[in-house]
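These numbers come from a predicted model, not from an experiment.
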Amino acid sequence: MNYRNDAEDQYHPLLKGAYELHVHSSPSAFPRKQTDWELVTEAREAGMEGLVIKAHEGATFGRAALIRQQMPDMQVYGGLVCNLFTGGLSPHAVDMALRMGAKVIWMPTISAEQHAKYFAENQQERFFNSKTSLDDSNSNLTILNEHEEIRDEVKRILYLIASYDAILATGHLSPYEVDILVEEAKAIGVERILVQHADLGIAQIPMDLQKKLADQGCYIEKCYLACGEDFNNITIPQMAESIKTLGSDSCILVTDYGQPHNPTPIKGMSEFVTELINEGISEDMVREMITTNPKSLLFG
C-alpha cells in the first residue's frame with residue numbers, strides 16, 4: 001500500500017514555481033500555525049519557489065538568511081516592520097536591516113494610528129492575542145507631521161530603501177497616508193512598492209485609489225484574508241472583479257495567513273487560486289499574480 005503524501009492532490013498545480021509574499025510563522029509573540037521550517041517545507045512540497053516571512057513584532061531578515069543557507073533551493077526573504085517594538089520609524093533600524101539583507105521594509109502595522117482606529121471600533125480576538133497584553137498605549141505612529149507632510153525620518157527611510165533597491169510595503173497605513181507615501185517614494189526614487197491587503201478592512205483602499213497606485217507602478221496585494229470569515233470585507237466574485245478591473249499585471253495574490261484557526265498559508269493559497277479560477281480568472285492571470293509579478297518585485 002502506498003502511503004506517499006502526493007502534493008499533486010493537495011495543492012493546485014499553479015503553485016509550482018510560485019511565491020507567497022505575505023505570510024506569518026513562528027517564532028512570534030502571537031500564536032502561529034507553523035514554524036518557519038514547517039512553512040518553508042510545505043511550500044517546497046507544493047513546488048513553490050519562494051516566500052517572504054513577515055513579523056509585526058520583530059525582524060525576519062536573519063531568519064530568512066538561515067533558511068536559505070539550509071534550503072538553497074528556496075528563495076525565502078524577510079525584512080523589518082517599522083513598529084514600536086523594532087524601533088518605530090527609525091532610519092537607524094532600517095539602515096541596519098538593509099545592511100543585513102532585508103528585502104522588504106514595511107511601514108507600521110500594529111503600531112500604526114490607522115490600525116488603532118480600526119481595532120477600537122472592530123473587536124477581533126483572533127489576532128494579535130499575545131499571552132500577556134502588549135503595551136500599545138503609544139501605538140499611534142503616522143508617517144505625516146502636523147502639516148500633513150511626510151516626516152523627515154520617513155524621508156530618510158525612503159532614501160535608504162531607494163539606495164538599496166529594496167521593497168517598500170505600505171503596512172497598515174490609512175489610504176490617505178498610502179497615497180502621499182507613494183508620491184514621495186516615487187519622487188525619491190523607490191522603484192519597488194507593494195500596497196498591502198488593499199481590500200482588507202484594517203485599511204481598505206478605494207478602487208479609484210487602487211487604480212491610481214497601480215498606474216504609478218505599484219503592485220497591489222489581493223489578500224485571501226479579506227475574503228474569509230475573520231473580516232468578510234470582500235467576496236471572491238468581488239475580488240475576481242477587482243483583479244479584472246486593475247489588470248493581473250498590477251496584482252499579487254497573498255494570503256496573510258499563519259493564524260492557528262486558518263488553513264496553512266500554502267493550503268490557503270491553493271484554495272484562493274482555485275476559487276478565483278472558478279470565478280473566471282484565467283490560469284495565465286493567476287500565474288502572473290503568483291509567479292511573474294512576485295519575481296519582478298523581488299528581483300527586477
Side-chain angles (χ1 to χ4, degrees), residues 7-8 10-23 42-54 73-77 103-104 165-170 178 182 186 190-200 205 207-228 233-257 265-300:
E8 295 279 346
Q10 289 195 67
Y11 310 107
H12 198 286
L14 283 174
L15 264 60
K16 290 181 179 178
Y19 286 72
E20 189 4 332
L21 301 190
H22 193 155
V23 292
E42 185 180 2
R44 177 195 259 172
E45 289 173 356
M48 296 178 68
E49 280 189 11
L51 300 161
V52 172
I53 298 173
K54 181 180 179 183
D73 58 317
M74 294 297 293
Q75 299 291 324
V76 180
Y77 296 95
K103 200 77 169 174
V104 185
D165 197 22
I167 297 166
L168 166 66
T170 56
V178 170
V182 169
K186 298 299 288 187
V190 177
E191 297 290 339
R192 306 173 196 271
I193 303 176
L194 181 61
V195 177
Q196 296 212 273
H197 36 49
D199 307 291
L200 189 68
I205 297 177
M207 182 52 68
D208 59 344
L209 180 53
Q210 290 190 41
K211 289 179 183 176
K212 176 184 176 183
L213 295 167
D215 288 343
Q216 289 174 300
C218 301
Y219 283 112
I220 314 296
E221 278 189 356
K222 292 292 155 179
C223 175
Y224 197 32
L225 189 64
C227 304
N233 298 127
I234 186 171
T235 65
I236 290 292
Q238 289 170 335
M239 180 69 80
E241 191 60 35
S242 77
I243 290 168
K244 293 173 185 175
T245 298
L246 292 171
S248 57
D249 58 329
S250 294
C251 300
I252 289 177
L253 300 187
V254 302
T255 63
D256 196 1
Y257 274 13
I266 309 309
K267 289 178 181 173
M269 180 63 85
S270 185
E271 291 175 5
F272 196 18
V273 166
T274 300
E275 292 185 35
L276 286 173
I277 287 174
N278 289 341
E279 292 298 328
I281 299 298
S282 72
E283 291 193 358
D284 284 344
M285 292 171 73
V286 169
R287 192 175 291 109
E288 189 168 33
M289 293 186 289
I290 64 175
T291 303
T292 306
N293 295 345
K295 289 175 79 169
S296 176
L297 183 66
L298 286 168
F299 311 118

Only pairs under 3.5 Å count here: list side-chain donor-acceptor contacts from residues 272-281, not counting sequence neighbours, and write none if there are none.
residue	atom	partner	partner atom	Å
Thr274	OG1	Ser270	O	2.9
Glu275	OE2	Tyr224	OH	2.6
Asn278	ND2	Thr274	O	3.4

Subject >> Beyond-backbone contact of His197 with Leu225, side-chain heavy atoms, under 4.5 angstrom >> reply: no
Subject >> Minimum side-chain heavy-atom gap Asp199-Gln210 below 4.5 Å >> reply: yes
Original post:
Under 3.5 Å, side chain of Arg192 to main-chain N/O of Ser296, donor-acceptor pair present?
Top reply: yes
Original post:
Are Leu213 and Gln216 side-chain neighbours, meaning at least one heavy-atom pair lies under 4.5 Å?
Top reply: yes
Original post:
If every non-hydrogen atom of Ala166 is compared with every non-hydrogen atom of Lys103, which pair is closest and at what distance?
Top reply: CB-O, 3.8 Å
Original post:
How far does CD1 of Ile252 sit from OG1 of Thr291, to the nearest 0.5 angstrom?
Top reply: 10.5 Å
Subject >> Approximate separation, where rounding is to 0.5 Å, of Tyr219 OH and Asn293 CG >> reply: 4.5 Å
**OP:** Kindly compute the distance separating NZ (Lys267) from CG (Leu15), expressed to the nearest 0.5 Å.
**Re:** 12.5 Å
Subject >> Exercise: identify the closest heavy-atom pair between Gly50 and Met74 >> reply: N-CE, 4.2 Å
Original post:
Knowing that exactly one of Ile193, Val104, Leu194, Val52 qualifies, which makes a side-chain contact (heavy atoms from CB on, under 4.5 Å) with Leu297?
Top reply: Leu194
Subject >> Which atom of Glu49 lies closest to which atom of Gly17, heavy atoms considered >> reply: CG-CA, 3.6 Å
Original post:
Between the main-chain N or O of Asp165 and the side-chain N or O of Glu191, is there a donor-acceptor pair closer than 3.5 Å?
Top reply: no
Original post:
Heavy atoms, side chains only, cut-off 4.5 Å: are Glu20 and Tyr257 in contact?
Top reply: no
Subject >> Asp256 and its side-chain hydrogen bond (donor to acceptor under 3.5 Å, both in side chains) partner, picked from His22, Gln196, Lys54 >> reply: His22
Original post:
If you round to the nearest 0.5 Å, how far is CG of Leu200 from SG of Cys227?
Top reply: 9.5 Å
Subject >> Between OG on residue Ser282 and NZ on residue Lys244, distance to nearest 0.5 Å >> reply: 9.5 Å
**OP:** Would you sort out whether Lys212 and Asp215 count as a salt bridge (Lys or Arg N to Asp or Glu O under 4.0 Å), showing the intermediate values?
**Re:** CA-CA 5 Å; Lys212 176 184 176 183; Asp215 288 343; over 6 Å; no
Original post:
Under the 3.5 angstrom rule, does the side chain of Ser242 hit a backbone N or O of Met239 as a donor-acceptor pair?
Top reply: yes
Original post:
Any idea which heavy atoms bring Asp73 and Arg44 closest together, and the distance?
Top reply: OD1-NH2, 2.7 Å
Original post:
Are any non-hydrogen side-chain atoms of Leu246 and Met207 less than 4.5 angstrom apart?
Top reply: yes
**OP:** First locate atom CG of Asp249, then atom OG1 of Thr292, and finally report the distance between them rounded to the nearest 0.5 Å.
**Re:** 10.5 Å
Original post:
Going through the checks in order, is the side-chain contact (heavy atoms from CB on, under 4.5 Å) test met by Leu253 and Ile243?
Top reply: CA-CA 10 Å; Leu253 300 187; Ile243 290 168; 4.0 Å; yes
Subject >> Where Ser248 and Met285 come nearest, the two heavy atoms and their spacing >> reply: OG-CG, 3.7 Å
Original post:
Which heavy atom in Leu14 sits nearest to a heavy atom in Val286, and how many Å separate them?
Top reply: CD1-CG1, 3.7 Å
Original post:
In terms of side-chain geometry, is the basic nitrogen of Asp208 or Lys211 positioned less than 4.0 Å from the acidic oxygen of its partner?
Top reply: no
Original post:
Looking at side-chain heavy atoms only, is the closest gap between Leu298 and Gln75 below 4.5 Å?
Top reply: no
**OP:** Side-chain contact test, heavy atoms from C-beta onward, threshold under 4.5 Å: evaluate it for Tyr19 versus Met48 and give yes or no.
**Re:** no
